[in-house]
Amino acid sequence: MDSAEFHAAVYDTVRLIPHGRVTSYGHIAKLIGQPNYSRHVGQALKFLSPNTNPPVPWHRVIASSGTISSRGPGTNGAQLQQEALEAEGVEVTVGRTGELRVDMKTWGWFPAPGSIVIGDSSEPDD
DNA sequence: TTATTGACGCACC
DNA sequence: AGGTGCGCCAATA
């Protein structure tokens with residue numbers, strides 16, 4: 001799989017996440033058949049443009065621990081992600097150290113690989 | 001070309 | 001339950 005295809009697969013899979021639900025980078029990686037590419041899922045998402053069509057609900061993707069990763073000091077991406085999630089009804093807990101957290105056993109969405117349909121055009125791969 | 005980084009995951013403390 | 005350390009794999013410096 002090329003990086004372009006990888007990115008496309010990531011976007012396609014992220015679009016499958018139901019409203020008001022969250023999943024992890026690692027699970028997205030598993031769904032597209034690359035279980036060890038969890039970090040690259042994040043890479044693909046940051047590569048994403050803010051005005052894609054159709055839009056990709058990147059805010060529904062968080063770390064498997066349920067923590068919203070810090071985009072680095074000076075950036076408020078995590079803050080924006082928290083607001084976007086709360087707007088969908090997802091409860092985000094804030095720890096004393098400021099870490100944003102979501103209860104995965106309540107809001108987590110983890111379909112088994114193969115039990116989902118990516119792209120509904122049934123693209124032939126011959 | 002080599003070393004470091006990164007929107008991560010899991011085992012361990 | 002949460003924090004830390006080590007392992008993964010490409011992209012970047």
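Residue numbering restarts at 1 for every chain, and letters A, B, ... go by the order of the sequence lines.
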Candidates B:dG9, C:dG2, B:dC8 - which lies nearest the side chain of A:Ser64: B:dG9

Nearest-angstrom distance from the residue atom CZ of A:Phe6 to P of B:dC8: 13 Å

Strand-adjacent residues in residues 36-44 of chain A, judged by heavy atoms under 4.0 Å from DNA chain C: A:Asn36, A:Tyr37, A:Arg39, A:His40, A:Gln43

Presence of A:Ser65 side-chain N/O under 4.0 Å of C:dG2 phosphate oxygens OP1/OP2: no

Given B:dC8, B:dC10, C:dA11, the nucleotide with the shortest approach to the side chain of A:Ser69: B:dC8

A:His7-A:Gln43 side chain donor-acceptor pair, cut-off 3.5 Å: no

Backbone of A:Gly66 reached by a side-chain donor or acceptor of A:Arg101 within 3.5 Å: no

Spacing between A:His59 atom NE2 and B:dA7 atom C1', to the nearest angstrom: 14 Å

Aromatic ring pairing A:Phe6/A:Tyr37, orientation class (parallel under 30°, perpendicular over 60°, tilted between): tilted

Carboxylate-amine/guanidinium contact A:Arg60 A:Glu88, below 4.0 Å: yes

Interatomic distance where CE belongs to A:Met1 and P belongs to C:dA10 [whole Å]: 12 Å

Between C:dG7 (P) and A:Tyr25 (OH): distance, integer Å: 23 Å

N/O donor-acceptor pair under 3.5 Å between A:Thr67 side chain and A:Ala63 backbone: no

Spacing between A:Ile32 atom CD1 and B:dC8 atom P, to the nearest angstrom: 15 Å

Short side-chain to backbone donor-acceptor contact, A:Arg39 and A:Gly26, under 3.5 Å: no

Value in whole Å for how far the C1' atom of C:dA1 lies from NZ of A:Lys105: 12 Å

Sugar-phosphate, base or nothing in reach of A:Thr67, heavy atoms under 4.0 Å: nothing

Geometric class of the A:Phe110/A:His27 ring pair [parallel <30°, tilted 30-60°, perpendicular >60°]: perpendicular

Protein-nucleotide distance (A:Ile62, atom CD1; B:dG9, atom C1'), rounded to Å: 13 Å

For atom CG of A:Leu100 and atom P of B:dC8, their distance in whole Å: 13 Å

